[in-house]
Every structure is written in C-alpha cells, then in structure tokens.
Amino acid sequence: MSIPSFGLGTFRLTGQAVIDSVKSALELGYRVIDTAQIYQNEADVGQAIAESGVPRSELFITTKIWVENYAADKLVPSLRDSLKKLRTDYVDLLLIHWPAPGNGVELAEYMEALAEAKKLGLTRQIGVSNFNIELTRQAIAVVGKGEIATNQIELSPYLQNSKLTAFLKEQGITVTSYMTLAYGKVLKDPVLTEIANKHKATVAQVALAWALQLGYAVIPSSTKRENLASNLLARDLRLDDEDMARIAELERNGREVSPEGLAPIWD
Ligand SMILES: NC(=O)c1ccc[n+]([C@@H]2O[C@H](COP(=O)([O-])OP(=O)(O)OC[C@H]3O[C@@H](n4cnc5c(N)ncnc54)[C@H](OP(=O)(O)O)[C@@H]3O)[C@@H](O)[C@H]2O)c1
C-alpha cells in the first residue's frame, strides 16, 4: 500500500474554478487529486480529467464518503454514483470523511461497508479522515491491521498533531496533511518567512516541504496556476535540522476545522 506524497486539493472549488484548477495541475505534472462527495465537484473533476487526456492509469484519485451515506445499504451505491461522476470504474483511495459519532451509524457498520467497497474492486485502498487515536484503533479492529492506508487530518505548522501522528506512525498508517497552509494563515508567519528567504523559496514551499520531510502526504489546493506550479517545487526544497526545529516551535493548537456532530474529541 502506498499513498503518493503530493496531490491537489479541491475543497471549496466547483464548476469552472475546479475544472481550471485540475486541468492546470494535470498540465503541470500533478497526478493525485483529492475530492469528496460533499464538495459537490466530483462531476467537474471527472470532466477536467477527461478533457486533460491524462490516462486513468497515471492518476491517483481519492474521494470521501459523506455522512449521509454511511449506512451499510448506502455506502457502496453512493460510491458507484461518485464513480459515475468521476467517469472511472474505481478510485485509488476511499475515505470515511468524518467519524460523525452522533450520526446514528456505528463505526463498525461503515468500516465494514468501506472494506466491502475494496473487495468489490471499487477502490484500491481505504482509509479514514479526521479520526482521533481511539477511533483509529476501533477502525483497525474492524478492518484489520494494515488495511487503513491513511488518516487524512488537519495538520499545519500551527497544528502539528504530535500525539496522533506518533500513533499513526507506530501503526504504519500514512498521515495525509490537509490544510498544510492553514488555508493561507501560515503564509504571513515571520519565522517561516525567514526560512523561506534563507532558501530563496516561498513560504508555502517551506510549509509543504516541512510536512513532506516529516513523511506526510500533502494536498494543497489553489485556483492560481503560478501557485500550483510553485507549490509542486516544494518537493525539491530541503530544510535543514535548524529549520525543522524552528518550525516545530510554531505549534499553537491552531485548529481551523471542527464541525459539531462530525468531529471526534481531538487528542
Ligand atoms: N478531510 C477533510 O475533512 C478535509 C478538510 C479540509 C480540506 N481537505 C482537503 O485538503 C485540501 C487542502 O486544504 P485547503 O484547500 O482547505 O487549504 P490549503 O491547501 O491549506 O490552502 C489553500 C489556500 O491557500 C492558497 N494558496 C495555495 N498555494 C498558495 C501559494 N503558493 N501562495 C499563496 N497562497 C496559496 C489558496 O489560494 P489561491 O487559490 O489564491 O492560490 C487557498 O486559498 C482541500 O482542498 C481538500 O482536498 C480535507
């Protein structure tokens, strides 16, 4: 199992905005696209991929099941609907979007349905998103050790999630960092700016390189071709031990996203 380290996020983008972003990204060499049922852009993403001419075999597509589709009789049919929109027979990675403890569907039920989607060949890998340590443990207990490819979590220089990432590492589960740029908030940070100047890099590149060097996958989004291009170059930036230590000190529990009823009790 493997999760590619650099992808394109598509949250908040629909219609022509997401079509343009995905097409530009694919032209620039991105091959990993992160979408979700709730983003309501799967059909646009499917259209952009089709128009790009990039062969399906070169792509890694992730989607996420929305909470209203967690029941055993709904999850797979909703995925088939997503696949139709994405114009593909399978996704590479399928995630449970939020643990949603108050949703009325037990974790065991949706994790079993997720595993069933994989058995049916509708997804190559399965994983979770926004799960804390305890819920990740429960998910492992249902589907088996080694089955959960990733836990996609909010993680940026301002929210480093050290307890959860240590647990995931111990379990061999890849961390996918979402909102690595804290939706733009880290871009004005003075320490990151100093490090960026030292390397003649952008602040976004520094934040992304920091996450990559810690072994996390990243999926930054952008509507601007120049940002898409420069973010990708974060893969070539090497931060030194002093840079990494300075960024470690920026932790401030800066969580941006925690929807009531969907989020767990965070570690
Ligand atoms: N699993 C979950 O619950 C969950 C939740 C949130 C997000 N996600 C996923 O994670 C992805 C990333 O999160 P995100 O899109 O919310 O936030 P993000 O990637 O942290 O930040 C995106 C914002 O940063 C700006 N930006 C990007 N590159 C930049 C650059 N080089 N210089 C200046 N500004 C730059 C973009 O503006 P411009 O368009 O102007 O470049 C956009 O406003 C999402 O798209 C989604 O796929 C998952």
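Whatever order the structure lists ligands and atoms in, that order sets their numbers, starting from 1.
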When you look for heavy atoms under 4.0 Å from ligand 1, do you find them on the side chain of [X], its backbone, both, or neither?
{"X": "Leu187", "result": "side chain"}
{"X": "Gln205", "result": "neither"}
{"X": "Thr10", "result": "backbone"}
{"X": "Leu95", "result": "neither"}
{"X": "Ser222", "result": "both"}

Distance under 4.0 Å to a non-hydrogen atom of [X]: what atoms of ligand 1 satisfy this?
{"X": "Gly9", "value": "11 (C), 44 (C), 45 (O), 47 (O)"}
{"X": "Thr223", "value": "38 (P), 39 (O), 40 (O), 41 (O)"}
{"X": "Asp34", "value": "9 (C), 46 (C), 47 (O)"}
{"X": "Ala182", "value": "20 (O)"}
{"X": "His97", "value": "1 (N), 2 (C), 3 (O)"}

If we ignore angles and hydrogens, is there a donor and acceptor under 3.5 Å between the side chains of [X] and [Y]?
{"X": "Gln37", "Y": "Ser82", "answer": "yes"}
{"X": "Asp34", "Y": "Tyr178", "answer": "no"}
{"X": "Ser230", "Y": "Thr202", "answer": "no"}
{"X": "Glu42", "Y": "Thr63", "answer": "yes"}

Checking [X] side chain against [Y] main chain: does a donor-acceptor pair fall under 3.5 Å?
{"X": "Asn161", "Y": "Glu154", "result": "yes"}
{"X": "Asp92", "Y": "Ile61", "result": "yes"}
{"X": "Ser177", "Y": "Leu155", "result": "yes"}
{"X": "Tyr30", "Y": "Leu228", "result": "yes"}

Anything under 30° is parallel, anything over 60° is perpendicular, the rest tilted; go ahead and classify His97 against Tyr39. perpendicular
Heavy atom of the protein closest to [atom] (residue, atom name, distance):
{"atom": "atom 3 (O) of ligand 1", "value": "Asn130 ND2, 2.9 Å"}
{"atom": "atom 2 (C) of ligand 1", "value": "Tyr178 CE2, 3.2 Å"}
{"atom": "atom 30 (C) of ligand 1", "value": "Asn227 CG, 3.4 Å"}
{"atom": "atom 12 (C) of ligand 1", "value": "Ile219 O, 3.2 Å"}
{"atom": "atom 23 (C) of ligand 1", "value": "Tyr183 CD1, 3.7 Å"}
{"atom": "atom 28 (N) of ligand 1", "value": "Asn231 ND2, 3.0 Å"}
{"atom": "atom 17 (O) of ligand 1", "value": "Met179 CG, 3.5 Å"}
{"atom": "atom 16 (O) of ligand 1", "value": "Arg12 NH1, 2.8 Å"}

Looking only at distances, can you tell me whether any N or O atom of [X], backbone or side chain, sits closer than 3.5 Å to an N or O atom of ligand 1?
{"X": "Phe11", "result": "yes"}
{"X": "Ala204", "result": "no"}
{"X": "Gln152", "result": "yes"}

Name the option, out of Ser221, Ala36, Ser156, that contains the heavy atom nearest to atom 22 (C) of ligand 1. Ser221
Among Thr180, Leu181, Ile96, whose heavy atom sits nearest atom 26 (N) of ligand 1?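 The residue whose heavy atom sits nearest atom 26 (N) of ligand 1 is Leu181.
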Atom 37 (O) of ligand 1: any protein heavy atom closer than 4.0 Å: no
I need the Tyr216 OH to Gln152 CD distance, nearest 0.5 Å. 14.5 Å
Are Leu159 and Val203 joined in one hydrophobic group, where the rule is that I, L, V, M, F, W and Y side chains link up if heavy atoms are under 4.5 Å apart? no
Same cluster for Ile173 and Leu212 if Ile/Leu/Val/Met/Phe/Trp/Tyr side chains link at under 4.5 Å?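 Yes, Ile173 connects to Leu212 through the hydrophobic network.
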Heavy-atom gap Thr202 to ligand 1 smaller than 4.0 Å: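 Judged by the 4.0 Å heavy-atom criterion, Thr202 does not count as contacting ligand 1.
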Between the side chains of Asp20 and Arg225, is the shortest nitrogen-to-carboxylate-oxygen separation below 4.0 Å, so that they form an ion pair? no
Heavy-atom side-chain contact between Leu94 and Leu122 under 4.5 Å: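 Side-chain contact under 4.5 Å: no.
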Quick check with a 6.0 Å cut-off and a 45 degree axis cone: is Arg56 positioned over the face of Tyr90's six-membered ring?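 Relative to the ring axis of Tyr90, which defines the angle, Arg56 lies inside both limits.
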